[in-house]
Undergrad: 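Questions regarding the structure given below will be posed in turn.
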Amino acid sequence: MPPQRLVRFGVSIDSDLLQKFDKFLDHAGYGTRSEAFRDLIRARLAEERIQNPDAEAIGVLTLVYNHHQRDLEEKLTDVQHHAHHQIITSTHVHLDHDNCMEVIMLRGTVGTVRSLATALASFKGVKHSNLSLTSTHDLK
Ligand code: NI
């Protein structure tokens, strides 16, 4: 890929808003406004991309579930085997006597990752689930 050309442009901004932005920069440890501004743009564009169900994405699904729930582990494993091409890896943690946590990394389109995550999270005995999606398209 050819090197990107750096473009400078002016931004008009409310002084109050700029003050808040500068406070955020300090807090977050940014050296310059430019770097923080670039990161905010990238984050917003990535957020936009994961609204598109056809965009390629990586998902990290965390499930906390009842270890004693009948057949649950088997059901979770069955779904993952069925969608093996979408599962990158998974880690199982025995949280305590009663609870397990599984962290599953998934890949595919936003739509397929979301529906697989929903299928896994909706089984009886799953107490908590969280899906974090990252678009893998156009990473710069
Ligand atoms: Ni366990």
Side-chain angles (χ1 to χ4, degrees):
M1 202 182 293
Q4 294 293 304
R5 195 167 61 91
L6 212 56
V7 179
R8 292 179 65 93
F9 66 101
V11 178
S12 301
I13 187 170
D14 204 293
S15 62
D16 278 2
L17 189 57
L18 185 60
Q19 216 172 17
K20 285 178 189 163
F21 186 60
D22 284 343
K23 240 188 215 173
F24 158 76
L25 300 192
D26 264 5
H27 187 73
Y30 280 105
T32 64
R33 282 177 179 157
S34 292
E35 192 47 44
F37 198 59
R38 284 192 287 267
D39 271 6
L40 288 179
I41 293 174
R42 285 188 203 106
R44 188 64 190 88
L45 292 175
E47 221 173 90
E48 199 62 33
R49 283 195 298 271
I50 62 164
Q51 300 308 310
N52 174 4
D54 298 324
E56 286 296 317
I58 296 282
V60 180
L61 175 66
T62 305
L63 300 172
V64 174
Y65 61 88
N66 179 356
H67 166 66
H68 306 289
Q69 182 68 46
R70 214 172 154 262
D71 298 335
L72 179 56
E73 291 197 353
E74 202 183 328
K75 287 176 187 165
L76 291 173
T77 304
D78 277 355
V79 170
Q80 291 181 72
H81 271 280
H82 191 70
H84 63 91
H85 51 281
Q86 270 187 268
I87 308 288
I88 299 168
T89 189
S90 69
T91 300
H92 185 109
V93 178
H94 310 301
L95 282 182
D96 55 36
H97 186 265
D98 303 314
N99 296 293
C100 297
M101 180 174 85
E102 205 151 311
V103 180
I104 305 164
M105 288 180 65
L106 317 145
R107 71 158 50 121
T109 63
V110 169
T112 56
V113 168
R114 275 194 205 282
S115 59
L116 183 52
T118 304
L120 290 162
S122 59
F123 284 122
K124 189 177 176 194
V126 176
K127 297 175 176 179
H128 171 75
S129 71
N130 179 63
L131 175 66
S132 168
L133 274 171
T134 305
S135 164
T136 54
H137 176 74
D138 195 24
L139 289 178
K140 277 175 191 157

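In listed order, ligands and their atoms are each counted from 1. Keep in mind it's a predicted model, so treat the numbers as computed, not measured.
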Undergrad: Measure across Ile58 and Met105 and return the closest heavy-atom pair with its distance rounded to 0.1 Å.
TA: CG2-CE, 4.4 Å
Undergrad: Let me check something: any side-chain donor-acceptor pairs from residues 123-133 under 3.5 Å, sequence neighbours excluded? List them with distances.
TA:
{"unit_1": "Lys127", "atom_1": "NZ", "unit_2": "Asn99", "atom_2": "OD1", "d": "2.6"}

Undergrad: Does the pair Asp39 and Arg42 meet the rule for a salt bridge (charged side-chain N to carboxylate O under 4.0 Å, His left out), with working shown?
TA: CA-CA 5 Å; Asp39 271 6; Arg42 285 188 203 106; 2.6 Å; yes
Undergrad: Enumerate the residue pairs fulfilling salt bridge (Lys or Arg N to Asp or Glu O under 4.0 Å) with a member in residues 51-78, sequence neighbours excluded, ordered by first and then second residue.
TA: none
Undergrad: So for atom CZ, which belongs to Phe24, do other residues, nucleotides or ligands contribute more than 12 heavy atoms lying within a distance under 6.0 Å?
TA: yes
Undergrad: What count do you get for protein N, O or S atoms closer to the Ni ion (ligand 1) than 2.8 Å?
TA: 3
Undergrad: Identify every side-chain donor-acceptor pair in residues 83-90 under 3.5 Å, counting partners at least two apart or on other chains, and give the distances.
TA:
{"unit_1": "Gln86", "atom_1": "NE2", "unit_2": "Arg107", "atom_2": "O", "d": "3.4"}
{"unit_1": "Gln86", "atom_1": "NE2", "unit_2": "Thr112", "atom_2": "OG1", "d": "3.4"}

